There are 2 protein chains.
Amino acid sequence: MKSSLTLEHQICFQLYTASKELTRLYRPILEPLKLTYSQYLVMLVLWEEDHIDLKQLGERLTLDSGTLSPLIKRLTQLGYVEKIRATDDERRVLVSLTASGSALREQAEDVPVKVSGMLNIDEATYFAYMEMLIDIKSRLREFGERQG
Amino acid sequence: MKSSLTLEHQICFQLYTASKELTRLYRPILEPLKLTYSQYLVMLVLWEEDHIDLKQLGERLTLDSGTLSPLIKRLTQLGYVEKIRATDDERRVLVSLTASGSALREQAEDVPVKVSGMLNIDEATYFAYMEMLIDIKSRLREFGERQG
DNA sequence: TATAATTAAATTGTGCACAACTTAATTGTT
DNA sequence: AACAATTAAGTTGTGCACAATTTAATTATA
C-alpha cells in the first residue's frame with residue numbers, strides 16, 4: 001500500500017477538511033435555529049427518539065459526557081430540552097424535548113434540502129458516498145475489535 | 001433529492017463521525033511523537049515546504065490565525081519549529097523546522113503505513129475514497145464560488 | 001506625500017472534543 | 001447483609017476551531 005508523507009495524499013486530511021468545510025456550510029443554515037452543528041445533531045437524535053438518556057445519546061453521536069453535559073446544559077438554557085432524572089435508575093438522566101424543541105423540527109425540515117442543493121449532488125452519488133463513509137467507519141471498528 | 005431528518009441518513013453526520021473516529025486512531029500512533037493530530041498536519045506541511053508563513057499554512061490546512069498562532073506556539077515550546085519574522089515584509093512570520101523538527105520526519109515515515117494497515121484497505125479502494133472526499137470538497141467550493 | 005484601505009498575526013471569547021477524575025447509584029459477590 | 005466492582009453523569013484541564021476584534025506593517029490613492 002503506497003503511502004507518502006504528503007498532506008494531500010493522506011485520507012485523514014481529506015476527511016478532516018471535508019468534514020470541516022461541510023460543517024461550515026451548515027453554520028448559516030443553522031443560525032436562524034440558534035443551533036450549533038453539534039447541537040443540531042443532538043436535536044436530530046431527539047426528534048427521532050425522545051426521552052433518551054445521555055449514555056445512549058453519546059453512543060449515537062460518539063460523544064462522551066464531557067462533551068454532552070455542557071452541550072445539553074446550553075440546549076436547556078435555549079429552552080429546547082429539559083433534563084429529568086430517571087425514576088427506575090437514578091444515575092440516568094433523560095433528555096426530553098420541550099414544546100419549543102419539538103416545534104423546532106418543522107423549521108429544521110428543510111435543512112437537509114438546503115444542504116443537498118448546495119452540494120449539487122444527484123441521489124445515486126449521494127448514496128454511494130454515504131456507503132463509502134459508512135465503510136470507512138466499519139473498517140475502523142473492525143480494527144478496534146481486532147485490537148482493543 | 002431525498003432527504004429525511006434521520007441522523008444516519010445525513011452525509012454530514014457520516015463525515016463528522018468518520019473523521020472523528022479516524023482521528024482517534026491517530027492518537028496512540030502520534031503519542032510517541034508528542035504531537036496532536038492538528039500539530040501532525042502542520043508538521044506534514046513543513047516537511048514538504050519549510051519556512052512557510054502562517055498565512056500559507058492556514059490556506060493549506062483551512063485554519064485561521066486564531067487556531068494556528070497558539071498551535072505554533074506549542075510546537076515552538078516542543079522544540080520542533082521556530083518563528084522568524086520575514087525581513088521583506090515584517091507582517092509575515094515564517095515558521096521553520098528546527099533540527100529536532102526535521103529529525104522527527106523519520107519517525108513519522110511509518111505513521112501512514114500503520115494507519116493503512118489499521119484501515120485494512122486495498123490501494124484501489126483507498127484512491128476511490130480519496131477521490132470521493134476531494135469531490136465533496138470541490139462541490140462545496142463550487143457552491144462557495146456560486147454564492148459568496 | 002499624507003492618509004485611507006488592505007493585509008498578516010495575534011488576541012479574546014465561545015463552544016466543542018476528549019482524557020482523567022469525582023460522585024453517587026446500582027449490581028455482583030461472598 | 002456487607003462490601004467490592006461497575007456504571008452514569010458531572011467536573012476539570014488541555015487543545016483545537018472559529019468569529020470578531022486589535023495591532024502593526026504595507027499598499028493604494030487622493
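Hydrogens, waters and symmetry mates play no part in the numbers below; they use all other heavy atoms, side chains included. Quick note on labels: first sequence line is chain A, next is B, and so on, each numbered from 1. Being a predicted model, the structure only gives us computed values, none of them experimental.
- Inter-residue side-chain proximity for B/Q56 and B/V45 is flagged as unmet; no heavy-atom pair is nearer than 4.5 Å.
- Along DNA chain D, the nucleotide nearest to A/S69 and the one nearest to A/R27 differ in position, and the one closer to the 5' end is contacted by A/S69.
- Residue B/L71 is in sugar-phosphate contact alone, with no base atom involved, counting any heavy-atom pair closer than 4.0 Å across all strands shown.
- Atom pair A/R91:CZ and C/dA25:C1' shows a separation of 5 Å (rounding to whole Å applied).
- Atom CD in B/E31 sits about 15 Å away from atom C1' in C/dC18, given to the nearest Å.
- Each of A/T36 and A/D64 has a nearest nucleotide on DNA chain C; the 5'-most of these lies closest to A/T36.
- Residues A/R105 and A/M43 are not in side-chain contact: their nearest non-hydrogen atoms beyond the backbone lie 4.5 Å or more apart.
- Salt bridge absent: A/K55 and A/D53 never bring a charged side-chain N and a carboxylate O closer than 4.0 Å.
- The CG atom of B/D89 sits 12 Å away from the P atom of C/dT7 (whole-angstrom rounding).
- Within the 4.0 angstrom heavy-atom criterion, only backbone atoms of the sugar-phosphate kind lie near A/T62; the bases stay farther away.
- No donor-acceptor pair under 3.5 Å is formed between the side chain of A/D135 and the backbone N or O of A/S138.
- On a pure distance criterion of 3.5 Å, a polar donor-acceptor pair joins the side chain of B/S65 and the base of C/dA10.
- Residue A/Q39 forms a side chain to side chain contact (heavy atoms under 4.5 Å, CB included) with just one option from A/L33, A/V81, A/L71, A/I72, and that option is A/L71.
- Taking the six-membered ring where the residue is Trp, B/Y40 and B/Y26 present tilted rings, their angle falling between 30° and 60°.
- Atom CD in A/E90 sits roughly 12 Å away from atom P in C/dT27 (whole-Å rounding).
- Contact footprint of chain A on DNA chain D: nucleotides with an atom under 4.0 Å from a non-hydrogen protein atom, first to last in 5' to 3' order, D/dT7 to D/dA19.
- As judged by a 4.0 angstrom heavy-atom cut-off over every strand, B/S38 is placed among residues touching the sugar-phosphate backbone only.
- Here B/R141 pairs with A/E21 under the side chain to side chain donor-acceptor pair (under 3.5 Å) rule; sequence neighbours left out.
- Considering only side-chain N and O atoms, B/R92 lies nowhere under 4.0 angstrom from the phosphate OP1 or OP2 of C/dT7.
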